[in-house]
Amino acid sequence: MSDRLVIEFDKALRTLFAPSPTNRPVPGSHEPEAALSDQERAHAGALMRINHVGEVCAQALYQGQALTCHDPNLQHALLKAANEETEHLAWTERRLVELGGRTSLLNPVWYLGALTIGIAAGKLGDPWSLGFLAETERQVEAHLDHHLSELPIQDIRSRAIVSQMRLDEIAHAETAVHLGARELPAAVIMAMKLASRTMTRTAYYV
């Protein structure tokens, strides 16, 4: 148990304070940097900061669910998805630097909150945990759709990253459904949307 706690604590520190690795090439990295006005660059940077926060939360959420999961096949699926989310973390970090932006100052708070939610969801049992995961990914997909409509059309690098992230999130939701996700009650879905809205509005500035 002590070894497991050390490993999980190390994951948290790496997510919050260390550069994230990626096995896949960064989408759009071969494209030239767009000519953006100061306002467009600031807006694109704020949107990518929101996406980075989302990936920080995804790491914590998957970590919490994996901690409370006892099915080896499900645990493997969660860890596989977490690895892809780590790549998203790396992509958004890199793009933030290119845009002259910064990550959210509240990342430790977002991480702790998502980890708590992941553990709580896992305690309810695998079908409900998967249902929470599937709904989370659907809501992330909707956010990414909105960001694609908000990003400057000439910012091909940011748009390529968001587009690939969107495809990966769709696949994660489909995997959760395939593994037996339950449909969440409407009240829970609404609460998740309200919490997500609060997070995105705050992360745009902080």
Side-chain angles (χ1 to χ4, degrees), residues 1 3-5 7-12 14-15 20-24 27 50-92 110-148 161-200:
M1 177 61 72
D3 288 345
R4 181 72 182 274
L5 289 175
I7 291 171
E8 298 304 328
F9 185 65
D10 180 67
K11 287 181 182 178
R14 288 177 183 275
T15 297
S20 300
T22 177
N23 293 320
R24 291 180 288 176
I50 291 172
N51 292 330
H52 183 268
V53 167
E55 299 310 322
V56 168
C57 291
Q59 287 295 306
L61 180 65
Y62 281 119
Q63 184 181 2
Q65 289 178 300
L67 278 169
T68 50
C69 173
H70 300 290
D71 182 338
N73 292 328
L74 177 53
Q75 194 170 56
H76 175 75
L78 290 170
L79 293 175
K80 179 177 182 297
N83 287 336
E84 290 183 352
E85 301 289 359
T86 300
E87 293 186 321
H88 297 175
L89 201 62
W91 300 347
T92 51
W110 306 131
Y111 189 95
L112 182 59
L115 179 65
T116 302
I117 291 171
I119 292 173
K123 289 288 188 181
L124 294 175
D126 292 344
W128 288 114
S129 179
L130 287 167
F132 184 82
L133 175 58
E135 180 57 32
T136 297
E137 298 292 21
R138 293 188 194 109
Q139 293 189 20
V140 170
E141 179 193 350
H143 278 295
L144 295 177
D145 282 337
H146 176 67
H147 287 186
L148 285 173
I161 290 172
V162 172
S163 295
Q164 185 57 56
M165 288 169 58
R166 177 181 176 276
L167 293 176
D168 291 343
E169 308 301 359
I170 291 173
H172 295 165
E174 291 175 346
T175 298
V177 171
H178 177 72
L179 290 172
R182 284 190 182 180
E183 193 68 28
L184 299 183
V188 174
I189 294 174
M190 182 58 66
M192 290 171 64
K193 288 181 178 179
L194 290 173
S196 176
R197 194 173 303 156
T198 300
M199 183 273 286
T200 55

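Side chains of His52 and Glu55: no donor on one and acceptor on the other come within 3.5 Å. Side-chain contact annotation: Glu87 with Ser20, donor-acceptor N/O pair under 3.5 Å absent.
For the pair Pro21 and Ala90, the tightest heavy-atom approach, listed with the atom from each and the gap, is O-CB, 3.7 Å. Listed here is the closest heavy atom pair of Gly122 and Thr68: CA-OG1, 3.0 Å. Residues Leu148 and Ser163 share a closest heavy-atom pair of CD2-OG, 3.6 Å.
The distance from atom CG of Asp168 to atom CH2 of Trp91, rounded to the nearest 0.5 Å, is 5.5 Å. Between Asp71 atom CG and Leu130 atom CG the span is 9.0 Å, to the nearest 0.5 Å. Separating the OH atom in Tyr62 from the CG atom in Leu133 is a distance of 4.0 Å, to the nearest 0.5 Å. In this structure, Thr200 OG1 and Lys193 NZ are separated by 13.0 Å, a value rounded to the nearest 0.5 Å.
Side-chain contact check for Val140 versus His172: every heavy-atom pair is 4.5 Å or farther apart. Thr136 is listed as a side-chain neighbour of Leu61, based on a closest heavy-atom distance under 4.5 Å. Considering only heavy atoms from C-beta on, Glu84 comes within 4.5 Å of Arg24 through its side chain. A heavy-atom distance below 4.5 Å is found between the side chains of Leu194 and Arg197. Contact check for Cys57 versus Tyr111: no side-chain heavy atoms found under the 4.5 Å cut-off.
Proximity of a side-chain donor or acceptor of Thr116 to a complementary backbone N or O of Leu112 within less than 3.5 Å is detected.
Just one residue in the list His143, Glu174, Glu137, Gln164 forms a side-chain contact (heavy atoms from CB on, under 4.5 Å) with Glu169, and that residue is Glu137.
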side-chain contact (heavy atoms from CB on, under 4.5 Å) between Met165 and Asn51, worked out: CA-CA 9 Å; Met165 288 169 58; Asn51 292 330; 4.1 Å; yes

Candidate pair Phe132 and Met192, rule side-chain contact (heavy atoms from CB on, under 4.5 Å), full reasoning: CA-CA 9 Å; Phe132 184 82; Met192 290 171 64; 3.6 Å; yes

Full working for salt bridge (Lys or Arg N to Asp or Glu O under 4.0 Å) between Arg138 and Glu135: CA-CA 5 Å; Arg138 293 188 194 109; Glu135 180 57 32; 3.2 Å; yes

CA sep, side-chain torsions, deciding dist, call: Ser129, Gln65, side chain to side chain donor-acceptor pair (under 3.5 Å): CA-CA 7 Å; Ser129 179; Gln65 289 178 300; 2.7 Å; yes

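Residues passing the side-chain hydrogen bond (donor to acceptor under 3.5 Å, both in side chains) test with Asp126: none are found, sequence neighbours excluded.
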